[in-house]
There are 6 protein chains.
Amino acid sequence: MTSTAPVATTSLRFSRLLLTGAAGGLGRELRRRLKPYCDTLRLSDIADLGAAGPGEELAPARMEDADAVLEMMRGVDAVVHLGGVSTEQPWEPILQANIVGVYNLYEAARKLGTRRIVFASSNHVTGFYRQDEIVDARMPMKPDGLYGLSKAFGENIATLYWERYGIETVSLRIGSSMPEATTRRMLATWMSYDDLERLVMASLTAPVVRHSVVFGVSDNHTRWYDNRYGDHVGYRPQDNSERFRPAVEAKEPVLDRNDPATVYQGGWFVRTGPFDN
Amino acid sequence: MTSTAPVATTSLRFSRLLLTGAAGGLGRELRRRLKPYCDTLRLSDIADLGAAGPGEELAPARMEDADAVLEMMRGVDAVVHLGGVSTEQPWEPILQANIVGVYNLYEAARKLGTRRIVFASSNHVTGFYRQDEIVDARMPMKPDGLYGLSKAFGENIATLYWERYGIETVSLRIGSSMPEATTRRMLATWMSYDDLERLVMASLTAPVVRHSVVFGVSDNHTRWYDNRYGDHVGYRPQDNSERFRPAVEAKEPVLDRNDPATVYQGGWFVRTGPFDN
Amino acid sequence: MTSTAPVATTSLRFSRLLLTGAAGGLGRELRRRLKPYCDTLRLSDIADLGAAGPGEELAPARMEDADAVLEMMRGVDAVVHLGGVSTEQPWEPILQANIVGVYNLYEAARKLGTRRIVFASSNHVTGFYRQDEIVDARMPMKPDGLYGLSKAFGENIATLYWERYGIETVSLRIGSSMPEATTRRMLATWMSYDDLERLVMASLTAPVVRHSVVFGVSDNHTRWYDNRYGDHVGYRPQDNSERFRPAVEAKEPVLDRNDPATVYQGGWFVRTGPFDN
Amino acid sequence: MTSTAPVATTSLRFSRLLLTGAAGGLGRELRRRLKPYCDTLRLSDIADLGAAGPGEELAPARMEDADAVLEMMRGVDAVVHLGGVSTEQPWEPILQANIVGVYNLYEAARKLGTRRIVFASSNHVTGFYRQDEIVDARMPMKPDGLYGLSKAFGENIATLYWERYGIETVSLRIGSSMPEATTRRMLATWMSYDDLERLVMASLTAPVVRHSVVFGVSDNHTRWYDNRYGDHVGYRPQDNSERFRPAVEAKEPVLDRNDPATVYQGGWFVRTGPFDN
Amino acid sequence: MTSTAPVATTSLRFSRLLLTGAAGGLGRELRRRLKPYCDTLRLSDIADLGAAGPGEELAPARMEDADAVLEMMRGVDAVVHLGGVSTEQPWEPILQANIVGVYNLYEAARKLGTRRIVFASSNHVTGFYRQDEIVDARMPMKPDGLYGLSKAFGENIATLYWERYGIETVSLRIGSSMPEATTRRMLATWMSYDDLERLVMASLTAPVVRHSVVFGVSDNHTRWYDNRYGDHVGYRPQDNSERFRPAVEAKEPVLDRNDPATVYQGGWFVRTGPFDN
Amino acid sequence: MTSTAPVATTSLRFSRLLLTGAAGGLGRELRRRLKPYCDTLRLSDIADLGAAGPGEELAPARMEDADAVLEMMRGVDAVVHLGGVSTEQPWEPILQANIVGVYNLYEAARKLGTRRIVFASSNHVTGFYRQDEIVDARMPMKPDGLYGLSKAFGENIATLYWERYGIETVSLRIGSSMPEATTRRMLATWMSYDDLERLVMASLTAPVVRHSVVFGVSDNHTRWYDNRYGDHVGYRPQDNSERFRPAVEAKEPVLDRNDPATVYQGGWFVRTGPFDN
């Protein structure tokens, strides 16, 4: 595991942070990046997390298991919730992990008095907007599949639990957080890992967030998202997908304008599924 | 059963309409009111529907049973979906009837090619707006409980199935459809049964609706909702709660301004639940 | 010619009004309706206008003939401009009558100091909005054909001549002004002749209009237009297409949802032309 | 004094209401109209109020006298504040009555725990909008003189005392409340006394108002104001200036378009003052 | 001819691009700048284009000649249309080149199946907004002269041909593209040639544009335009007029605030013409 | 007194500038910074200004003294008005200095024909917005105390004197202009002195401002303000509070979320006063 110096400027430090989905792509990246900001980093996933490193503790839990989720949440200052299904899949796993599971998460937070959740939502909550439309956090949701639908559910439960119980959430509508932008669509949706770290730390430490929604992309030249309603969170991206443009365009010189995956922000998600035919 | 002359001006007539939740309060009212507009009115509920009358047929189904829902939907021109849970309740019944159930409904529509669904959504989708705020159909959802959360899910799945599969929905954010307005809050939220009929028939017959959202209230003096984005549906309420004002105010002369049920549009829903403590 | 009592409440009276396009459908109707509001009604058209009646004078002119237009405009207090092409046609006649012609009209107004023009624009200026969209006067133009394009030109020249020369215009985006609504689309776009008269007289007499845009429809239940930005003009429609609904729906019980003429506000205009293939 | 039956539909009744400015034009009208809604109507003015009638009590006070205002406010349920200067005047009287005076009013409310104030603001708070602009309660203020400036101050202090101390206000941007509309401008700004009574009673009895702003005009054909953000107050005007149009236009057939009083909503206020030249 | 390395980051390459107006000021600049992005650059103008260089071909055409325009357009992948009149001029040349000519251009694109047009529109489409107003692409057009009127026509036909025929356009509302900013007004409207190249290439290569409108200015400190609705095009200016400020202000230390050319964004265009008096 | 090179890029130079409040914190900073931009810098305050330096002249005046203010204003090209009360204080000093005083200032400008005023308004004009809300210059004022209320009055009188008398103002809603950001709140509200100078000079020299409102903050990562409606003024901040974050967070690691000073943008101002209890 490569050691990384923190990139976010905050000096705030948490006693115990919970990172769910810690065995996934973003989870592994954040596992090493969040550690410097807390005394103890609790990690959860249903996949293998390997051994706990220094200052780490393991708390695997299935999101659909309310009791396990309650145990997983006990004693943490805040949660970065990447757990659950993170791609378009059939209804049943999405229902269990992302609907029942997120309900369990917020119920646990209510019972335990957890103060803040950083929720990995997705650009697929608004994936049925076209690529020539600029979307902000107050425009109506337009999910592009069952996955996006489940993330929309998560954002709505975040609003509810703020209004009723005072649990704060920042929902991150993450674009494509990868080492490199590798498709034409990703020139707009790409977020570097450094910017991901900046965004997560800003979301964890901003003083007043209630339920805020921020689009998680780098400072790309091509922009589909207007982050104005999340400016108070203090996320300022430093990276830009433009350096990947030549390679990406060389690989995909021609796009089929009649393909919904070209037209809509959600890309190929918009023509996926259903899985149960 | 009282015979009623139709109040909507449409002359369009359906071969077979499906009315779900037909044994509930609104269901019984619409059962007799929708009959004149169709050859066959198929009725569904999990409660007792009594005997089928002339031109009626019974098709009871649990919403969480995908196969039953598919059978219930077979052969209908359009659906008026009142079925499922219609009050604040614990998570499990709401999950089954209003989340899994609505997913089953739209999957059945997709498989069968059903063209239009009139979905009984609720003012509780936006119940955490205050009573001095004017809400329109494009403002962010603010559900006031698990029931409102499930209706928000239903509206989002309606958007998804329109965008992906071309199934049209009109979501009716129904206020309080009752014979009379009986509380201070209902002076704003009341919808007469005649206006309910007008709204449902406009929603069934408007030529182009994609997924439209209309607030279901009468032409009350006190208004919280701005229906501008649903004007194309052609709903024009004719009734008004004002005649109930003297009796209502006499019954509730004083309101506790510190009670969230006074402050928020959702009324007592905002301080209900959770049920599982 | 039937005698009609004025329906507008104004008592203002013009010395000399010019009505162009006076031999057309709306022109014949307004010819008899405008007479009571002026001492002299000057009539212009390229079609036969018959003999001048009492208080009438004839001034035929081709709109593309700048000199003739200048003569036609001499000495009038205000103009109601219905002249030119009023349906989708090939480019050349539209260019001559509705682009060159309207330029000639405004140039004449500038030279003569004419104070106000009521310009018969059209709903086809925004005909490529869908029938589930609500359009107001500030939203971008979306013309549905060459006719709509020429009316958009007319509205823009009206703005220019207001800003630069102080000539006031009310542009009326007329829907379907006919004796009866006879199609499903016209349930939204219909304007009665009485409402047309109300609208024209309000536009002629409102104190301050600069360049205002008003959608010319009756108070129909189905509405696509939001007239808020023209409220100062004082047009209050009194009629409603709803009484035509049963006959219209009986004639057109089924609409082809895949037909652009069903989807878009412009109706069949959106799939007309070009004429020169 | 003519006896009047109440026109508002409310049955709510106050123990003691305070009406300031009770000797002025609107004050005398409301004096007899508010009596039926309360046990005791306390009246205040610096002009002669005559003798107290049954159920009336007199409490004259100069608004700039903080102690007198405190006494005037003691023991009342709610206030209808018409007091102070109500026309364009020199700075000193406006400063004393409408700025210092209104500060005294809100300080008294804070000290005494008064719950609600109906504040007679004015259309002159936005009088420098043009007559072809439609103004709503969220648009920036554009006062047309020192009087409008002082009413803007009053609205701002109402916001402050709501946010900080929980004192509710409805600010009424009253147009021209007179027996008849007598000028062209008043066709837009007129409010009948019956509608004034409806508006004041709705403002006193609406359950949740925080600080709401409502434009006080009747349902006139010519409209400059969009009351959407005050719809929750429940004011529904029943009168219309249109019946005065013929007489008004006969009296003022021609308007000078170059006169700011014609162009701006504030009418002749916009070219009044300063008084100290 | 100076050789220039491309400044846009795209690696996409066109087989044949058409540049119209290639002999004008911007045309000469783009002639050398566009060459590296295509195999063949076809050049058109009515002025002398000199000899074709390597990879260039000449196709002179008068825009008002439909047949010539059709030939000019044959076989090109995309068009950068700078042709026609580019300053305020009398009606007849503007009518021929910018109205009839642009109609011919779009008709040719329709017949030939041309996919995308980059249309040199102008800030004069909105030139009658004041210099203290911030304009975005959805605000109503306010042309400041016949030239701006013709560019407004061009933008509207671009919308029409997208909606009806699927021809994509990016309309560039170009400010002042010059080597240097030389007037106070140009501190806001200036666009460097490098930024012009960036903008044109982004417009040619963005995947989904339908009809998009982008204001063509550099990243100047003084801004009148809000480009939010064109962010998906991916134009990110790199230059700034601020370095010209000292020289410009020294040359124009005093502005006449009563001069419309100072007040309005269109500058001296707003007080030009008509030419035919 | 440290000598400073000008940081603003303007080369415009004033004959005589007036700086009020020149003995206060910002006043002392601007005293040395404004000198290079004018021949004579007139300084005013009620506190000791020390001796006049080269090119300086002293003109002490109490703002509530109309005659003194008139003398102070005589012969100046423009005014930078920092004078008056600049913190939350009791009503009487605020009334005298910030309400009566600002009225005196604008009356003097009217009498003397002063062209432009740069008015030090305050973020406290909108201090009762929450820290998760993004505020722009057109949103309704929400003053957080008597100080904010007086600044709101100042902005309204600036609108009035522009509309009626053509006196231009730029109102600067200054955040926290200090050498360093020293609190969590100041991470959002901080403005460096260099940026203050840039803002003041842009406000003095922008060609067309009428009454413009600009939020005075640096380019901080955490943003509460949207300056879009002031972009024409040309203020482009160059500094950023982020470098103070570690020290600030170390000093204030924990915030009391129930403290209004944490929730609202106004900080501790929202729970100050009244002073006269």
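Just so it is clear: chains get the letters A, B, ... in the order the sequence lines come, proteins before strands, and each one is counted from 1.
Heavy-atom distances place both the backbone and the side chain of D:Val100 under 4.5 Å from chain F.
At most 12 non-hydrogen atoms from other residues, nucleotides or ligands lie less than 6.0 angstrom from CZ of F:Arg62.
Of the inter-residue distances, the one linking F:Asn156 atom CG with D:Lys151 atom NZ reads 14.5 Å to the nearest 0.5 angstrom. To the nearest 0.5 Å, atoms CD (F:Glu107) and CH2 (D:Trp91) are separated by 9.5 Å. The CZ atom of D:Phe128 sits 11.0 Å away from atom CH2 of F:Trp162, with the distance rounded to the nearest 0.5 Å. If you take OH on F:Tyr106 and CG on D:Leu149, they are separated by 11.0 Å, rounding to the nearest 0.5 Å.
A donor-acceptor distance shorter than 3.5 angstrom exists from the side chain of D:Arg164 to the backbone of F:Asp144, with no hydrogens or angles considered.
Classification of the D:Phe153-F:Phe153 ring pair by plane angle, with boundaries at 30° and 60°, yields perpendicular.
Using a 4.5 Å heavy-atom threshold, the side chains of D:Met139 and F:Arg138 count as separate. Residues D:Leu95 and F:Leu95 are in side-chain contact: their nearest non-hydrogen atoms beyond the backbone lie under 4.5 Å apart.
With chain D as partner, the option from F:Gly145, F:Ala152, F:Ala137 having the largest number of non-hydrogen pairs under 4.5 angstrom is F:Gly145. The choice from D:Val270, D:Val125, D:Thr159 that makes the most heavy-atom pairs within less than 4.5 Å of chain F is D:Val270.
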